[in-house]
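Here's the structure we're looking at; comments come further down.
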Amino acid sequence: MKKDYKTIREVVGPLMMVDCVENVKYDELVEIHEKDGSVRMGKVLEAKGNTALVQLFEGAHGLQISDSKARFLGHSLELAVSPDMIGRIFDGVGRPKDGGSPIISDVKLNINGTPINPAARDYPAEFIQTGISAIDGLNTLVRGQKLPIFSGSGLPHAELAAQIARQAKVRGTDDKFAVVFAAIGITFEEAEFFREDFKRTGSIERSVLFLNLADDPAVERIATPRMAITCAEYLAYELGMHVLVIMTDITNYAEALREVSAARKEVPGRRGYPGYLYTDLASLYERAGRINGKKGSITQIPILTMPEDDKTHPIPDLTGYITEGQIILSRDLYMKGLEPPINVLPSLSRLKNKGIGKGKTREDHPDTMNQIFAAYARGKTAAELAVVLGESALSDMDKKYAAFADRFEKEYVSQGYDTDRSIEDTLAIGWELLSDLPVTELKRIHPEYLEHYLPRKDGE
């Protein structure tokens with residue numbers, strides 16, 4: 001029997017103090033019952049002695065503490081899970097946001113999850129096709145990987161996220177594929193964009209959406225990604241599905257974490273973020289992966305906006321340490337009109353070599369990937385040299401590489417947000433671009449692949 005406490009001392013903003021409590025634990029869920037029968041939810045931020053500090057999910061506007069009572073539920077926030085979740089839209093704490101009925105299920109999972117035994121992990125190996133050449137061809141996503149997207153304020157990461165959610169698939173298998181999409185602290189306009197895009201394209205039929213808006217409480221923002229990952233764990237490890245989890249924006253999550261930390265009067269770390277930011281982010285990212293003996297898998301694409309486009313900011317910096325690479329969006333490429341503006345040179349997928357090659361993509365993929373990287377890097381260097389010294393200072397070969405770099409950006413990287421390219425399409429475009437260079441420059445590709453795949457120009 002849960003005990004009701006009428007000892008609410010004070011409310012300041014979304015924070016509430018409750019006195020004379022017994023056996024209350026950190027992160028415990030709380031119900032606030034008002035005189036008119038309405039119920040607000042909150043969770044314990046701090047329990048010290050017989051006093052509990054509670055943060056309300058819905059805020060404290062209009063709450064009369066003299067007529068209200070607090071009930072501590074003895075457990076953390078939970079999510080009711082069911083196969084019926086697929087195709088549904090929820091708010092940040094798992095309540096239906098699409099007008100449908102609540103999920104009725106006997107299975108309720110703690111959103112904090114349980115640690116995965118490292119010995120039980122299976123190595124990521126299978127290729128996931130996103131339909132985006134700059135990712136599939138050069139910074140390949142592998143099933144079970146954590147591959148974040150580093151963006152900036154005003155860059156089109158929302159469009160890229162929707163495109164990946166719409167197009168991503170595991171090739172060569174009949175296993176079910178699902179997308180769990182967590183929107184964290186976004187504006188109403190962004191939420192409507194995602195909602196309409198998922199419905200317009202039909203991708204809602206294989207997706208679960210969790211939408212947390214910018215005016216929702218900070219404590220709900222902290223729960224949203226955990227709700228999404230808990231849903232993904234159920235779909236992957238209980239239903240045997242391959243699940244792609246897309247979370248945007250992790251920066252909003254970290255800001256909420258800083259706000260709650262300040263409310264608890266914790267000693268701040270770098271830039272005011274709590275000292276445990278690394279551990280907290282790891283508790284999200286490390287829930288991705290594959291488990292031995294389980295058919296399903298969880299692949300994560302966290303998206304974050306870098307404050308002032310600074311890669312050394314604590315959020316992208318720590319994320320880079322935990323995850324297996326990063327896809328970086330470039331403001332310069334965005335200003336050039338590239339869609340999506342992915343800067344492939346500083347981008348990196350540390351597991352790409354595990355998911356490409358014969359039997360996974362195609363045997364020529366690793367060689368062409370290395371050759372395109374090298375050619376584009378040399379072309380960018382030549383273009384920068386031309387700006388400083390003038391084009392007349394370039395050799396004929398430098399000019400060929402500069403032209404390659406320009407064409408590469410326009411035809412390979414920039415494909416729009418509605419074009420879904422197969423890996424074969426991506427490789428074909430890569431070969432077409434490489435054919436502009438002399439064969440003697442293609443030193444990173446095996447001769448048999450040159451013979452088989454390189455398009456022949458007139459007179460060759």
Side-chain angles (χ1 to χ4, degrees), residues 76-97 103 105 107-116 120-122 124 126 128 130 141-149 161-162 164-166 168-170 173 175-184 194 198 203-212 221-250 253 280-303 319 322-324:
S76 299
L77 198 57
E78 295 177 328
L79 176 67
V81 291
S82 160
D84 297 334
M85 298 181 77
I86 297 176
R88 298 291 305 276
I89 302 174
F90 302 92
D91 69 4
V93 288
R95 295 170 297 206
K97 206 178 176 76
I103 297 297
S105 175
V107 182
K108 292 186 177 181
L109 302 178
N110 187 321
I111 66 167
N112 295 308
T114 54
I116 300 175
R121 287 185 178 271
D122 199 2
E126 289 86 11
I128 291 182
T130 65
L141 179 64
V142 179
R143 186 164 70 91
Q145 184 179 6
K146 308 175 287 290
L147 185 63
I149 294 175
I164 293 173
R166 183 168 64 246
K169 61 179 72 72
V170 178
T173 177
D175 296 341
K176 292 183 178 179
F177 189 88
V179 174
V180 177
F181 191 94
I184 307 162
F194 286 124
F198 274 72
S203 55
I204 188 67
E205 300 300 325
R206 64 167 188 172
S207 303
V208 185
L209 273 67
F210 292 86
L211 302 180
N212 167 260
R221 195 155 305 136
I222 294 173
T224 303
R226 290 179 167 80
M227 285 279 173
I229 297 171
T230 300
C231 172
E233 288 173 339
Y234 171 75
L235 297 177
Y237 304 136
E238 299 301 324
L239 302 186
M241 304 178 75
H242 301 309
V243 185
L244 176 62
V245 180
I246 301 175
M247 300 183 289
T248 180
D249 180 342
I250 294 297
Y253 170 83
D280 194 279
L281 290 174
S283 71
L284 297 179
Y285 300 149
E286 291 296 342
R287 291 170 73 176
R290 301 171 59 198
I291 298 179
N292 285 316
K294 297 285 187 180
K295 188 177 180 181
S297 63
I298 297 177
T299 306
Q300 277 189 18
I301 299 183
I303 300 173
T319 294
I322 302 165
T323 56
E324 293 108 15

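Basis for what follows: all heavy atoms, side chains included, without hydrogens, waters or symmetry-related copies.
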Rounded distance [0.5 Å steps], OG in S203 versus CZ in F181: 9.5 Å
OH on Y285 to CG on D280, rounded to 0.5 Å: 9.5 Å
Contact summary for M241 and A178, nearest pair of heavy atoms: CE-CB, 3.6 Å
side-chain contact (heavy atoms from CB on, under 4.5 Å) evaluation trace for R287 with I298: CA-CA 8 Å; R287 291 170 73 176; I298 297 177; 5.9 Å; no
Beyond-backbone contact of V180 with M85, side-chain heavy atoms, under 4.5 angstrom: no
Over 12 foreign heavy atoms within 6.0 Å of NZ, K169: yes
Residue pair E238 / V81, side-chain heavy-atom distance below 4.5 Å: no
Side-chain heavy atoms of H242 within contact of T299, under 4.5 Å: no
Beyond-backbone contact of L79 with F90, side-chain heavy atoms, under 4.5 angstrom: no
Considering all heavy atoms, the nearest A165-F198 contact: CB-CZ, 3.6 Å
Pair V93-M227, side-chain contact (heavy atoms from CB on, under 4.5 Å): steps then yes or no: CA-CA 7 Å; V93 288; M227 285 279 173; 4.3 Å; yes
Shortest non-hydrogen contact from I86 toward V208: CA-CG2, 3.7 Å
Nearest non-hydrogen partners of F210 and D91, listed with the distance: CD2-O, 3.6 Å
Spacing of CG belonging to N112 relative to OG1 belonging to T230, to within rounding of 0.5 Å: 7.5 Å
Short side-chain to backbone donor-acceptor contact, Q145 and E324, under 3.5 Å: yes
Check against side-chain contact (heavy atoms from CB on, under 4.5 Å), Y253 and T224: CA-CA 9 Å; Y253 170 83; T224 303; over 6 Å; no
I204 vs I89, side-chain contact (heavy atoms from CB on, under 4.5 Å): CA-CA, chis, key distance, verdict: CA-CA 9 Å; I204 188 67; I89 302 174; 4.1 Å; yes
Whether R226 side chain and I222 backbone form a donor-acceptor pair below 3.5 Å: yes
Euclidean distance, L244 CG relative to I246 CD1, rounded to 0.5 Å: 4.5 Å
Lys/Arg-Asp/Glu bridge criterion (N-O < 4.0 Å) met for K294, E233: no
Smallest separation among heavy atoms of N212 and R221, with atom names: OD1-NE, 2.9 Å
Non-hydrogen atoms of I250 and P302 that approach each other most closely: CG1-CB, 3.9 Å
OG1 on T323 to CD on E286, rounded to 0.5 Å: 9.5 Å
Electrostatic pair D122:K295 at N-O distance under 4.0 angstrom: no
CG-CZ distance between L211 and F194, expressed to the nearest 0.5 angstrom: 8.5 Å
Any donor-acceptor pair under 3.5 Å from Q300 side chain to L284 backbone: yes
Under 3.5 Å: donor-acceptor pair, side chain of T130, backbone of I164: no
